[in-house]
Each structure stands twice: as C-alpha cells, then as structure tokens.
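Take a look at the structure set out below.
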Amino acid sequence: MKIATWNVNSIRARLDNVVTWLKETSPDVACLQEIKTVEDTFPRQALEDLGYNVAIHGQKSYNGVAMLSKKPFEDVCAILPGDDSDEQARFLQATISTDDGALTIASIYAPNGNPVESEKYPYKLDWMKRLHAHAQEMLKLEECFVIAGDYNVIPHDDDVHNPESWREDALFRPETLEHYHRLLNLGLTDAYRACKQAAHQYTFWDYQAGAWPKDHGIRIDHHLLSPQAADRLKSAGIDRFTRGWQKASDHVPIWIELDI
DNA sequence: ATGTCGATACTTTATCGA
C-alpha cells in the first residue's frame, strides 16, 4: 500500500497538478494539507472521478486537511484532542480496513510557528504536545498507525541546505526539535530516513529568492510510523518532479510503501 | 541585493500567512 502526503497550498489553485500527479503515481492513500477551503467548495467530484473516497476537514482561506483513499473509510475523526478552543483545521484521521487488519492514518498540518516571539510559537509547541499525547494513546492499540503530513519541522542539519541560516527559525530551533524528538522517543519511525540515508533530500522550496533553482530546500514533510507499521515498511520516495511544473506548490509529495 | 504565491475584501491594490 502506497501512502503519500502533499501540502498542496490551496486545492483549488492546485487541482490540475493534483489530478495529474494522482494519475501518474496512483497512491492508495493521499493526505493533503493547506487545502485552504471549506468542504462546500472542495473539488470533491474531480477526485472521486479518479476512484478515491474523500474525507475533508476544511477551513476558509487558511489551513485545512483532507485524505483520499481508494479503500473506503471505516472511521473518520477531525479532532486532535487537548484544546476544545482550537478552531484551526490541522488534523484528520481515518481508519481503513485491510487484509492484515486495521490501518489508521492521520493527515496533519502542524503550525509553522513563525515569528517565534509571537503567540504563534507557543501555539506550535502546544500543538506538538497534543500530537504527542494523541500518538501515545494510539500506540497503546499496538496497530499499524501512520501520521503523515507537514510537520513544519526540519529534523536534522542534513535536512537543510544551510543549517546556520535556519537555526533560529521556528521550524528548526532547539525547542522545536526537542518536541519532535519526544515524538520519535515514543517509538515512532521517520519512514523516509529509515529507507534513505542521503543528505539534502527536500520536500519544500520557498517560492522566493530562487530557492528551487538553487536547491535551497528543507525536509519538513514526514511519515511517522508505529512499530507495527515500521515492520511493514518497504520503500519511500519524494516526487521532486512536481516542483518544476507550472503553478507548482512550494511543497512536493513524499510517499511510503507498506507491505500491507 | 533582489527575487513568490494564494485567499480575501467596502477589490482591481493592500494585507496576511507561509
């Protein structure tokens, strides 16, 4: 089973690219982030026409996540526990039944957190704490569980062109990495790193300052796997080619294959 | 040194977020 995740930076602006990519790469599940629209204006039909079931946690203008699956969703939850007052659409979790049992997948859009001296940074860290608590609960089930999406975290110096220029950024500062390490320390596996050891493999290049032609990117989109999912991990890859397309998202898809 | 893109609104340019 191939599970991809892609921050599309507006599903309505990106629909042609998303449809082309789905036809070319045919993931079984696609987690989408920054759809930037509500369910009423999400282009559901175009994706259903490609054979996908569609689950949406939308928001006007900002944020918003969705999931596409060739298999039907058994259960869908759009709430990350821990803050009833949080109105930002950044989480969607669904369960799919497979021949090998239940598989639960979350599509996440973690907060960016910049600027760090604003209220956005504590919100980012609190959101990561909530994700940690949720992952801890899910791990008790001892099932296949994948948290895929835009973590807005650069895990390591090898995941950025110039680490020093990012050191104080909300995506890379030590306090952010501490929170990310707490997730890994639960026993979750960074699927891409488990498969590929090459440095400087990126999933995001800023639109500004010639970041793409200079390959000044960062790796911030990840799949974290429960031990049961990690046992089934076969391969991983990054669909870099979509960044060169017309009307490209600033992120590209990243995918894994599980032997399920 | 500079460089972008998408959504929104009392819109056709400014503002916000990334």
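Chain letters run A, B, ... following the sequence lines, proteins first and then strands; every chain starts at 1. This is a predicted model, so every value here is computed, not measured.
Just one of A:Asn9, A:Asn7, A:Thr203, A:Asn112 meets the side chain to side chain donor-acceptor pair (under 3.5 Å) condition when paired with A:Asp150; it is A:Asn7.
Nucleotides B:dC10 and B:dC5 have their P atoms positioned 26 Å apart, rounded to a whole Å. For B:dT8 and B:dG3, the C1' atoms lie 24 Å apart once the distance is rounded to whole Å. Taking atom C1' on both B:dT12 and B:dA7, the two are 15 Å apart, rounded to the nearest angstrom. Remark: the separation of the C1' atoms in B:dG6 and B:dT11 is 15 Å, to the nearest Å.
Between the side chain of A:Asp250 and the main chain of A:Tyr207, no donor-acceptor pair closer than 3.5 Å is present. Looking only at distances, no side-chain donor or acceptor of A:Thr104 sits under 3.5 Å from a matching main-chain atom of A:Phe145. The main-chain N or O of A:Ala236 is never found under 3.5 Å from a side-chain atom of A:Tyr192 such that the two would form a donor-acceptor pair.
Comparing B:dA9, B:dT4, B:dG6 by their closest approach to the side chain of A:Lys60 singles out B:dA9. Closest to the side chain of A:Ala209, out of B:dT8, B:dG3, B:dA18, is B:dG3. Side chain of A:Arg12, nearest nucleotide from B:dA18, B:dG6, B:dT8: B:dT8. Of the candidates B:dA18, B:dA7, B:dC5, B:dA18 carries the atom nearest the A:Tyr109 side chain, counting heavy atoms from C-beta on. In this structure, the nucleotide among B:dA18, B:dG6, B:dC5 sitting nearest to the side chain of A:Tyr207 is B:dC5.
The cationic group of A:Arg243 does not satisfy the cation-pi geometry with A:Tyr202, failing either the under 6.0 Å distance to the six-membered ring centre or the 45° limit from the ring axis.
The side chain of A:Arg14 contributes an N or O atom lying less than 4.0 Å from OP1 or OP2 of B:dG6. For B:dG6, the OP1/OP2 oxygens have a side-chain nitrogen or oxygen of A:Lys247 closer than 4.0 Å.
We find that OH of A:Tyr123 is positioned 10 Å from P of B:dA18, with the value rounded to whole Å. Straight-line distance from the CD1 atom of A:Ile35 to the P atom of B:dG17: 19 Å, rounded to whole Å. Rounded to a whole Å, the CD atom of A:Gln59 is 19 Å from the P atom of B:dG6. The separation between A:Asn152 atom CG and B:dA18 atom P is 8 Å, rounded to whole Å. Rounded to an integer number of Å, the gap from CD of A:Glu34 to P of B:dC16 is 18 Å. The separation between A:Tyr62 atom OH and B:dT8 atom P is 9 Å, rounded to whole Å. In this structure, A:Lys36 atom NZ and B:dG17 atom C1' are separated by 7 Å, rounded to whole Å. In this entry the distance linking CG of A:Asn9 with C1' of B:dG17 reads 10 Å, nearest Å.
Heavy atoms of A:Lys120 sit under 4.0 angstrom from primed sugar atoms or phosphate atoms, though from no base atom. Note on A:Phe204: nothing from the nucleic acid sits closer than 4.0 angstrom, heavy atoms only.
Here A:Arg193 does not pair with A:Asp158 in a salt bridge; the nearest charged N to carboxylate O distance is not below 4.0 Å.
The nearest heavy atom of DNA chain B to A:Ala13 and to A:Pro111 marks one nucleotide each, and the one closer to the 5' end goes with A:Ala13.
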